[in-house]
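Input: a single structure, listed below in structure tokens.
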There are 2 protein chains.
Amino acid sequence: MRDDGYAAATSRRIATEAGVKQALVYYYFPTMDDLFVEVLRTGAEVSLERMRAALTEDDPLRSLWIINSDTRLSALNTEFMALANHRKAIRAELKAYAERVRDIETAAVTVALRTRGIDLNEYPPVAISMLIAQIARSICNEEAVGVSAGHEQMRALVERYLDRLAGASSTPAS
Amino acid sequence: MRDDGYAAATSRRIATEAGVKQALVYYYFPTMDDLFVEVLRTGAEVSLERMRAALTEDDPLRSLWIINSDTRLSALNTEFMALANHRKAIRAELKAYAERVRDIETAAVTVALRTRGIDLNEYPPVAISMLIAQIARSICNEEAVGVSAGHEQMRALVERYLDRLAGASSTPAS
DNA sequence: GTCTATACATAGATAGAC
DNA sequence: GTCTATCTATGTATAGAC
């Protein structure tokens, strides 16, 4: 799916790569959509666990940035997004996952901003968490198609803010 | 393609919707990939023209934000991204398009920031242009799967900065 | 559980009439 | 330029033996 797109993730190929015969896929999954949902669900659980661990570290904002800079994860996410756009079951699953991710990330950002004395009304944690996560993902998505213009400057800008926030503590910053 | 995904954009469906027979598709396009590339190329040209026009207006930063908030365009973009991940010809075309977009957007942002007296070293126009465009797109992508958490706060945050920048002129701001 | 065999739909693509 | 007809590959899914 990551390498050749969701359309290439067929029951035959999956079976072959798993070293079994095609019909066996339908013993475990009623339909291919059920399989996709299960892949998403399992991957999501692993991702969420890794995320929870990372976001309790020293520098949660930087962790957030690094976690969302995973090119391989980002490629898979693009496939699921495309799939979700026209398959109800996958859309529902992806929505649920995205919301859990946002909740976890937002909680971590809330703690981080608060301990650094930043006004949470002026910088709503949920917005800051979106900002960091989505920009990291955007860079990955662009890298996947070979675009690199502005990435260095963007990374530098983010790093500058992350440094500023990592250093700050109980001192209001803008 | 937008409604049912790239996998549903088959020669037969395209022919039917165009009111012709399937074989005719192959009279105009050697392969389906050639057709996809042509769709991308044509759409890109239209998009770029619209973008050039919008970015010469009063408030180019806000225009940039609005242009990239088009849900329909964003859905198509997701499909092409997914396609590009495993089809060389489409990846090359999408890369070329993305780079032209970034150039145009960056040029507009450069002018906007400069006339507002903002330090271009501290806020590289290419990074600011990425920031605005990619956050707008991220919101659209999430909306497509039904996620809305944080969108209002994010939009408010962006609007606040856009307002601040629209007001400023020759007065350094952070 | 895993297999063979197969039904059935639909895809991309081509040949050749008009 | 547009059509009918068709080839071939491949997809999802099922039946039934072991």
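Proteins come first, then strands; the chains are lettered A, B, ... in the order of their sequence lines, and each starts at number 1.
- The residue among A:Ala7 and A:Ala23 whose nearest nucleotide of DNA chain D lies closer to the 5′ end is A:Ala7.
- When heavy atoms are screened at a 4.0 angstrom cut-off, B:Val25 is found touching no nucleic acid atom at all.
- Each of A:Glu93, A:Glu45, A:Glu49 was compared with A:Arg100 under the salt bridge (Lys or Arg N to Asp or Glu O under 4.0 Å) criterion, and only A:Glu45 meets it.
- Listed pair A:Tyr26 / D:dA13 meets the phosphate criterion, a side-chain N or O lying under 4.0 Å from OP1 or OP2.
- For A:Glu152, the CD atom sits in a loose shell: 12 or fewer heavy atoms of surrounding residues, nucleotides or ligands are nearer than 6.0 Å.
- The shortest distance between the side-chain N/O atoms of A:Tyr27 and the OP1/OP2 oxygens of C:dT2 is not below 4.0 Å.
- Taking atom CG on B:Leu35 and atom C1' on C:dA13, their separation rounds to 14 Å, with Å as the unit.
- Closest to the side chain of A:Met32, out of D:dA13, C:dA11, C:dA13, is D:dA13.
- Side-chain N/O atoms of A:Arg12 and base N/O atoms of D:dT12 include a donor-acceptor pair closer than 3.5 Å.
- Atom CZ of A:Arg13 is separated from atom P of D:dT12 by 12 Å (rounded to the nearest Å).
- Here the side chain of A:Ser11 is nearest to one of C:dC3, D:dC3, D:dT12, namely D:dT12.
- A donor-acceptor pair is defined here as one N or O able to donate and one able to accept, closer than 3.5 Å; no such pair exists between the side chain of A:Thr42 and the backbone of A:Val39.
- The shortest non-hydrogen separation linking A:Tyr123 to A:Leu113 is O-CD1, 3.6 Å.
- Here the P atom of nucleotide C:dC3 and the CG atom of A:Leu24 are 6 Å apart, to the nearest Å.
- Remark: C1' of C:dA11 and NZ of B:Lys21 are 18 Å apart, rounded to the nearest angstrom.
- A residue-by-residue look at A:Gln22 and A:Tyr28 shows that A:Tyr28 has its nearest nucleotide of DNA chain C further toward the 5' end.
- Rounded to an integer number of Å, the gap from CD1 of A:Ile14 to P of D:dG11 is 10 Å.
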